[in-house]
There are 2 protein chains.
Amino acid sequence: MAKDRKIDMVILGLLSHDNLTGYDIKKQIDGSIRFFWKGSFGSIYPALAELEKQGSVRRLKSNDGGGREKIIYSITSQGKEILKAWVRDEKASNDLKYETLMKLFFGGVESKETALRNIEVFEEQIKADLKVLQVYKANIEKALDEEDHVYFYLTILFGIETYEAYLKWCNKARKVLA
Amino acid sequence: MAKDRKIDMVILGLLSHDNLTGYDIKKQIDGSIRFFWKGSFGSIYPALAELEKQGSVRRLKSNDGGGREKIIYSITSQGKEILKAWVRDEKASNDLKYETLMKLFFGGVESKETALRNIEVFEEQIKADLKVLQVYKANIEKALDEEDHVYFYLTILFGIETYEAYLKWCNKARKVLA
DNA sequence: ATAATATATATCAAAATGATATATCTATTT
DNA sequence: AAATAGATATATCATTTTGATATATATTAT
């Protein structure tokens with residue numbers, strides 16, 4: 001692998017919008033980008049330390065004295081250059097790991113009812129996520145004049161489009177199994 | 001994490017259909033299930049060794065003597081039980097890591113042309129994959145009477161449904177950016 | 001006042017990736 | 001017949017990521 005830490009780009013990307021703590025970064029991943037990416041604390045904090053060491057992010061403020069420990073990071077011009085180079089680079093790995101589908105693929109070892117139940121669980125999750133996405137969409141459509149929002153909007157549209165396809169598939173799958 | 005190796009289930013699942021070598025397993029992952037899962041040699045071979053040690057798979061035949069080294073594995077009844085228990089278990093993690101989308105999400109740091117180019121690259125890949133899926137679909141529809149094929153068929157339908165949604169999104173995205 | 005939850009950083013074993021090394025077998029070209 | 005290229009086959013390794021856990025403070029609800 002060697003020097004291809006995707007989490008670095010997530011961090012630099014989010015910091016290009018705002019100054020954030022590691023915790024903030026996690027929250028934003030779980031919020032706005034979770035429909036196409038995810039990341040854990042275990043990768044965020046070590047990555048932040050490395051990015052600081054290499055000069056791509058800067059420690060803006062940290063409560064060393066009293067109060068709660070809290071480190072706010074900002075992106076440096078070097079970090080911004082790295083981010084831009086990555087955006088310009090055409091190659092991109094798009095991987096999905098759908099355990100539901102895998103359970104279904106090997107569904108032959110169990111009953112049809114089990115397969116249907118797995119589809120149902122999947123469907124419920126997607127429906128819940130779709131509702132969240134639709135709220136996001138409605139909110140962002142009020143603020144589409146700002147350029148950065150357009151890109152956010154596109155990823156929301158992606159989420160909605162794919163999740164609706166999943167729901168369509170759930171219905172088809174039920175019919176095929178019946 | 002501790003004791004939650006997903007690759008084990010991929011291996012047990014594939015072995016529940018056929019006796020296979022590690023290399024065969026990789027080929028099947030890259031072939032039939034790559035639209036919702038992927039796996040590398042680096043996880044397959046160590047997992048096979050562990051599964052054998054715990055008695056979930058059995059070494060069927062290995063050319064220890066002359067000729068090329070080749071180890072064919074088969075699933076044991078214990079392995080089948082583990083596989084069934086996993087299929088019955090409702091919880092499933094469905095994660096996607098779409099670098100294209102991430103590049104688009106942070107597209108604001110670069111030009112609109114870059115964003116459009118990233119969409120184009122994504123679209124080309126999806127179109128190529130969709131063609132493969134359609135061939136799979138046509139072939140399997142001739143053999144849908146066998147029960148196991150139905151589950152394979154469902155995953156193909158999933159692939160087609162989602163990939164068509166991706167293409168629809170590509171068109172929408174272009175319009176939004178224009 | 002106290003309990004529960006959210007904020008915040010950090011670390012770790014286990015798992016997975018992607019690359020590389022090694023070697024044999026098969027098909028094609030010269 | 002020899003050489004070359006590509007497919008088959010196993011194995012290992014550093015790097016990256018996950019998911020869990022530990023620790024501690026701040027905020028909110030009871």
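In what follows, every heavy atom counts, from backbone to side chain, and hydrogens, waters and symmetry copies are set aside. Lettering follows sequence order; numbering is per chain, from 1.
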Residues from residues 10-22 of chain B sitting under 4.0 Å of DNA chain D, heavy atoms only?
T21(B), G22(B)
When the axes are fitted on five pairs at both termini, how much does the helix from dA1(C)-dT30(D) to dT30(C)-dA1(D) curve, in 10° steps?
30°
State whether Y45(B) places a side-chain N or O below 4.0 Å from either non-bridging phosphate oxygen (OP1 or OP2) of dT10(D).
yes
Whole angstroms only, please: what is the CD1-P distance between I44(B) and dA16(C)?
11 Å
In whole angstrom, give the distance that lies between atom CG of L48(B) and atom P of dA11(D).
9 Å
Can you tell me the distance, in whole Å, between the CD1 atom of I71(B) and the C1' atom of dT8(D)?
13 Å
Among residues 86-101 of chain A, which residues get a heavy atom nearer than 4.0 Å to DNA chain D?
none
What I want to find out is whether E50(B) reaches K53(B) closely enough, with some N-O distance under 4.0 Å, to be called a salt bridge.
no
Check whether any side-chain N or O of Y23(B) sits under 4.0 Å from OP1 or OP2 of dT10(D), and answer yes or no.
no
Electrostatic pair K38(A)-D95(B), nearest N-O below 4.0 angstrom
yes
Between atom CD in E50(B) and atom P in dT10(D), what is the gap in whole Å?
18 Å
Does Y73(A) or K6(A) map to a spot on DNA chain C nearer the 5' end, using the closest nucleotide for each?
Y73(A)
Interatomic distance where CG belongs to D24(B) and P belongs to dT8(D) [whole Å]
9 Å
Select one nucleotide: of dA10(C), dT8(D), dA6(C), the one nearest the side-chain heavy atoms of K27(B).
dT8(D)
Does any pair with a residue in residues 23-32 of chain A pass salt bridge (Lys or Arg N to Asp or Glu O under 4.0 Å), and if so which ones, sequence neighbours excluded?
K26(A)-D30(A)
Residue list, side chain to side chain donor-acceptor pair (under 3.5 Å) with N19(A), at least two apart or on another chain:
none
Provide the closest heavy-atom pair for L48(B) versus V57(B) in the form atom of the first, atom of the second, distance.
O-CG2, 4.0 Å
Between K127(B) and E124(B), does any NZ, NE, NH1 or NH2 come within less than 4.0 Å of an OD or OE carboxylate oxygen?
no
Can you check the K26(B) NZ to dA7(D) C1' distance for me, whole Å?
15 Å
List for me each residue that meets ring pair (Phe, Tyr, Trp, His ring centres under 6.0 Å) alongside F36(A), sequence neighbours excluded, and say none if there are none.
F105(B)
May I ask you to evaluate whether K70(B) reaches the phosphate of dT8(D), defined as a side-chain N or O under 4.0 Å from OP1 or OP2?
no
Would you call R58(A) and E52(A) a salt bridge, using N to O less than 4.0 angstrom?
no
Applied to residues 98-107 of chain A, the salt bridge (Lys or Arg N to Asp or Glu O under 4.0 Å) test, sequence neighbours excluded, yields E99(A)-K6(B)
Mind checking what makes ring pair (Phe, Tyr, Trp, His ring centres under 6.0 Å) contact with F158(B), not counting sequence neighbours?
Y98(A), Y166(A), W169(A)
Nucleotide dT8(D), atom P - distance to CD1 of I29(B) in whole Å:
15 Å
Under the side-chain hydrogen bond (donor to acceptor under 3.5 Å, both in side chains) rule, what do T100(B) and N94(A) come out as? Steps first, then yes or no, please.
CA-CA 7 Å; T100(B) 297; N94(A) 296 312; 2.9 Å; yes
For residues 170-178 of chain B, dump all side-chain donor-acceptor pairs below 3.5 Å to protein atoms at least two apart in sequence or in another chain.
unit_1  : atom_1 : unit_2  : atom_2 : d
N171(B) : OD1    : R174(B) : NH2    : 3.0
K172(B) : NZ     : E161(A) : OE1    : 3.0
R174(B) : NH1    : E123(B) : OE1    : 3.1
R174(B) : NH2    : E123(B) : OE1    : 3.1
R174(B) : NH2    : E123(B) : OE2    : 2.9

Going by the rule ring pair (Phe, Tyr, Trp, His ring centres under 6.0 Å), which residues pair with Y45(B) if we only count those two or more places apart in sequence or in a different chain?
F41(B)
Under 4.0 Å, heavy atom to any atom of DNA chain C: which of residues 30-43 of chain B qualify?
K38(B), G39(B), S40(B), G42(B), S43(B)
Round to the nearest Å and state the distance from I7(A) atom CD1 to dA16(C) atom P.
18 Å
Quick one: salt bridge (Lys or Arg N to Asp or Glu O under 4.0 Å) partners of K137(A), sequence neighbours excluded?
E141(A)
